[in-house]
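Working notes, structure below.
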Amino acid sequence: MESMGTLRRTHYAADLLKTPVGAEITVAGYVARSRDLGNLIFIDVRDVTGLVQLAFGDSTPQELFNKAKAVKSENVVMAKGVLRERSSKTDKIATGAYEIDVTELRHLSGAELPPFEIRDEINVRDDLALTYRYLDLRRPSMARTLILRNKIAMCARNYFYENHFIDIETPYLIKSTPEGARDYLVPARLHPGHFYALPQSPQLYKQLLMLSGFDRYFQIVRCFRDEDLRADRQPEFTQIDLEMAYVDIDDVLAVNEGFLKRVFKEVLGRDIETPLRRMTYKEAMERFGSDKPDTRFGLELTDLSDLVKDSGFSVFSGAVAAGGGVRAINAKGLADRLTRKEIDKLTELMKGHYKAKGLAYTRFTADARSSSFEKFLSPEEIAAVDARMDFAEGDVLLIVADANRQITYDALGALRVELAHKYGLFDKDRFDLLWITEFPLFEYSEEDGRYHAKHHPFTMPMDEDLELVESDPGACRAKAYDIVINGTEAGGGSIRINDPALQRRMFKALGFTEERAQQQFGFLIDAYKYGAPPHGGLAYGLDRLVMLLLQLDDIRDVIAFPKIQNASELMSGAP
RNA sequence: GGCCCGGUAGUUCAGUUGGUUAGAACGCUAGCCUGUCACGCUAGAGGUCAUGAGUUCGAGCCUCAUUCGGGUCGCCA
């Protein structure tokens, strides 16, 4: 091991491209790979920006040459020398046309052999990579990802700052919230038996800031939810959180469209068309079976209830009679690939995961038209279904019928996504952004026998639905919106209630007694008595945004030190 | 909490119907090599087949349990 002495880095790998040949420069980093050709040695040094090749040959003094020979993988080195063009170039790496003719090499640190090779091409077991996450992070793709994440965060900061949003920190040790996800709890030493909760979001605080006169608030903030993990869900995650006063829906969406346009331009160099498309919750459910529709492909749902309600197939007629419905997808042109066996697999998926009773089908190949249900239908009914579905040779018709309409949505919504991914039915290079609006204000909980707030209890009802809060809560729509990108919810928000009287009605509809509302949200209810401008906001999942922009499918790939499925952290062993 | 998938050399994997000494590639070690860039060539080291029990003349392979990891449903206002 040697010290740096007076040597200091002058250039990163990426800087080579804008440095004149002949310059004397110093680089530093890890030995990614060395190639010893006998009387010629090449060493690839990796820094956070990329690779640079060190060359040792004819002009290298013997002592220096021997030193270069002894350097092993992942050792830390610093090298000074003259930038020159390679006599044989490669376009496989960014700096492939250049190398450094080394005059001085410092061997700053040895290194044990890492438990896995540090290369992007290699696919190491997740748990091993995460146990040695600090080594995993040396991989160039991880560096690229975290640099890009930073760029997105900077872009958000700049944009919102320029638009007069003020970054204000909100507390992490807060009062536990009654509804929603489970809270992480922290014991309060000075109050034995009492606990703080870690915030699921800064929701209440950002609303209070609007009442304090900070018209526009913004924060990139960590949030915590003690729920099970998924490929796109971590127990602690980062939100780009914002709130604005003196606004209605259109104002919030417009500001955020500006942000999205800028992020896509700055980070990916892509122009997205604004204003973004908007779709109501109702339309999204009916056409795509989901409140976060992936609109990069078709396979839309079609309601067949009216055509088959009197049919001899009791599964169909029964579902309609029970108040549910019969919905279908036409898997256009997939008859050859979607074999009977594949359909059976999909049926199991629908039954197992989405509570569908089954999956009715008609498969129309050049050889035959086979169906699980057509024998029960009249020729007129079949013809009517064909016409509505635009069903023809080469297609497969897939139908879910259920007394519960939601099940037909869930099952077919998942089915169209499954089909599209399995058979590559969309352009992977495309980005579809849209707003989903007019969410239901309430959601009925069978378990609790009462309505829950779908977004949160401070969400403003739509102006024309105000009376429905009492008369028909299930039909009442909210001033709530989600931003959906390629079938993923990237963010969401709402306009908040700023009228104490309306807030009281809301609590009442949710089954809160006056006392309970006061106990849990007293400070907030009181605050609204002292003058509250109309306001609303939105929060993005930063992790998901990074994932989407980089087209990654695991949220752990965009977080430096993520947790695994049981919410522990393999490297440190927490908790 | 339910269901599904997986654990074989440092790494990624193969391993036939249960049958002799468990293989490959990469990595590692040593030697040779003056333009490589996944350098090449030669040789070598490296294995409690996740753990435990069972079935069997015989188990990497079959059974059960445990454990670790992954996916998914519930859950995620």
Side-chain angles (χ1 to χ4, degrees), chain A residues 32-45 51-60 65 72-74 84-93 95-99 101 112-132 135-136 177-183 200-201 203-204 223-235 237 345 348-355 410-411 414 418 439-443 445 447-448 451-459 478 480 489 492-494 506 510 539 541 553-554 556 564-566 568 570:
Chain A
R33 194 176 272 296
S34 67
R35 293 173 293 278
D36 180 350
L37 276 62
N39 289 315
L40 194 58
I41 298 173
F42 300 105
I43 295 176
D44 292 340
V45 171
L51 293 173
V52 52
Q53 175 169 286
L54 308 181
F56 303 85
D58 289 333
S59 57
T60 308
F65 195 86
K72 305 291 181 195
S73 275
E74 299 307 319
R84 70 179 178 199
E85 285 195 40
R86 298 190 190 183
S87 56
S88 66
K89 300 176 173 50
T90 177
D91 53 10
K92 286 180 183 166
I93 62 171
T95 60
Y98 305 96
E99 66 186 5
D101 181 17
E112 282 186 24
L113 200 61
F116 50 88
E117 285 178 74
I118 297 170
R119 297 166 51 188
D120 280 332
E121 303 79 38
I122 229 159
N123 214 2
V124 183
R125 234 171 48 234
D126 289 339
D127 56 326
L128 186 74
L130 289 174
T131 302
Y132 297 92
L135 297 178
D136 194 38
T177 51
E179 292 195 55
R182 270 187 291 270
D183 287 325
Q200 299 177 23
S201 91
Q203 187 60 41
L204 303 186
C223 301
F224 307 86
R225 292 179 189 175
D226 189 6
E227 296 293 345
D228 284 355
L229 285 75
R230 286 286 185 282
D232 62 352
R233 221 160 71 193
Q234 285 270 310
F237 59 98
K345 269 200 239 169
E348 286 313 305
L349 180 73
M350 293 300 102
K351 285 160 76 173
H353 278 169
Y354 301 100
K355 299 202 181 76
D410 291 347
E418 172 78 15
F439 277 83
L441 185 62
F442 301 99
E443 205 169 29
S445 164
E447 195 181 323
D448 296 352
Y451 282 98
H452 283 229
K454 185 165 173 71
H455 189 53
H456 59 61
F458 316 105
T459 305
E489 178 197 336
S494 65
M506 186 69 186
L510 287 167
D553 49 18
D554 190 338
R556 297 182 302 190
I564 60 167
Q565 194 171 343
N566 67 12
S568 65
L570 281 174

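Letters go in sequence order (proteins before strands), and every chain restarts at 1. Below, all heavy atoms of this structure are taken into account, side chains as well, without hydrogens, waters or symmetry copies.
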When the [atom1] atoms of [N] and [M] are considered, how many whole Å apart are they?
{"N": "B:G27", "M": "B:A9", "atom1": "C1'", "answer": "11 Å"}
{"N": "B:U11", "M": "B:C75", "atom1": "C1'", "answer": "36 Å"}
{"N": "B:G23", "M": "B:G70", "atom1": "P", "answer": "33 Å"}
{"N": "B:G18", "M": "B:G58", "atom1": "C1'", "answer": "8 Å"}
{"N": "B:U55", "M": "B:G47", "atom1": "P", "answer": "30 Å"}
{"N": "B:A25", "M": "B:G44", "atom1": "P", "answer": "13 Å"}
{"N": "B:U12", "M": "B:G7", "atom1": "C1'", "answer": "13 Å"}
{"N": "B:U63", "M": "B:G1", "atom1": "P", "answer": "26 Å"}

d([atom1], [X]; [atom2], [N]) in whole Å:
{"X": "A:Asn123", "N": "B:G70", "atom1": "CG", "atom2": "C1'", "value": "13 Å"}
{"X": "A:Leu570", "N": "B:G70", "atom1": "CG", "atom2": "P", "value": "7 Å"}
{"X": "A:Glu418", "N": "B:G71", "atom1": "CD", "atom2": "C1'", "value": "12 Å"}
{"X": "A:Leu113", "N": "B:A9", "atom1": "CG", "atom2": "P", "value": "16 Å"}
{"X": "A:Asn39", "N": "B:C33", "atom1": "CG", "atom2": "P", "value": "7 Å"}
{"X": "A:Arg225", "N": "B:C76", "atom1": "CZ", "atom2": "P", "value": "10 Å"}
{"X": "A:Leu128", "N": "B:A9", "atom1": "CG", "atom2": "C1'", "value": "14 Å"}
{"X": "A:Asp127", "N": "B:A50", "atom1": "CG", "atom2": "P", "value": "14 Å"}

Looking only at heavy atoms, which two atoms of A:Thr95 and A:Val52 are closest? And how far apart? OG1-CA, 4.0 Å

For A:Pro457 and A:Leu510, which heavy atoms make the closest approach, and how far apart are they?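 Closest pair (atom of A:Pro457, atom of A:Leu510, distance): CB-CD1, 3.7 Å.
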
Does a side-chain heavy-atom distance below 4.5 Å link A:Glu74 with A:Leu135?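 Heavy-atom side-chain distance check fails, nothing below 4.5 Å.
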
Taking the side chain as every heavy atom from C-beta outward, state whether A:Lys454 and A:Thr459 have any pair of such atoms under 4.5 Å apart.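 No, their side chains stay 4.5 Å or more apart.
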
Across all strands shown, which nucleotide pairs with [N] by Watson-Crick or G-U wobble geometry, both distances under 3.5 Å?
{"N": "B:C3", "value": "B:G71"}
{"N": "B:G23", "value": "B:C13"}
{"N": "B:A65", "value": "B:U51"}
{"N": "B:G44", "value": "B:C28"}
{"N": "B:U34", "value": "none"}

Indicate, with a heavy-atom threshold strictly under 4.0 Å, whether A:Thr459 touches base, sugar-phosphate, or nothing. nothing

Describe the nucleic acid contact of A:Ile41 in one word from base, sugar-phosphate, nothing, applying a heavy-atom distance below 4.0 Å. nothing

Rounded to the nearest 0.5 Å, how far apart are [atom1] of [X] and [atom2] of [Y]?
{"X": "A:Thr60", "Y": "A:Ile41", "atom1": "OG1", "atom2": "CD1", "value": "8.0 Å"}
{"X": "A:Arg182", "Y": "A:Gln200", "atom1": "CZ", "atom2": "CD", "value": "10.5 Å"}
{"X": "A:Glu99", "Y": "A:Ser88", "atom1": "CD", "atom2": "OG", "value": "8.0 Å"}
{"X": "A:Arg86", "Y": "A:Tyr98", "atom1": "CZ", "atom2": "OH", "value": "11.0 Å"}

Residue among A:Arg119, A:Arg35, A:Lys92, A:Arg33 satisfying salt bridge (charged side-chain N to carboxylate O under 4.0 Å, His left out) with A:Asp44: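 The option that passes is A:Arg35.
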
Donor-acceptor under 3.5 Å (A:Arg556 side chain, A:Ile564 main chain): no

Is it the case that more than 12 heavy atoms not belonging to A:Asp553 sit under 6.0 Å from its CG atom? no

Can you pull every protein N or O that's under 3.5 Å from an N or O on nucleotides 1-8 of chain B?
| unit_1 | atom_1 | unit_2 | atom_2 | d |
| --- | --- | --- | --- | --- |
| B:G1 | O6 | A:Asp228 | OD2 | 3.4 |

Footprint string (nucleotides 35-46 of chain B, 5' to 3'): B base within contact, S backbone only, - free, heavy atoms under 4.0 Å: BBBBB-------

Starting at the 5' end of RNA chain B, which residue's closest nucleotide do you reach first, A:Pro115 or A:Glu443? A:Pro115

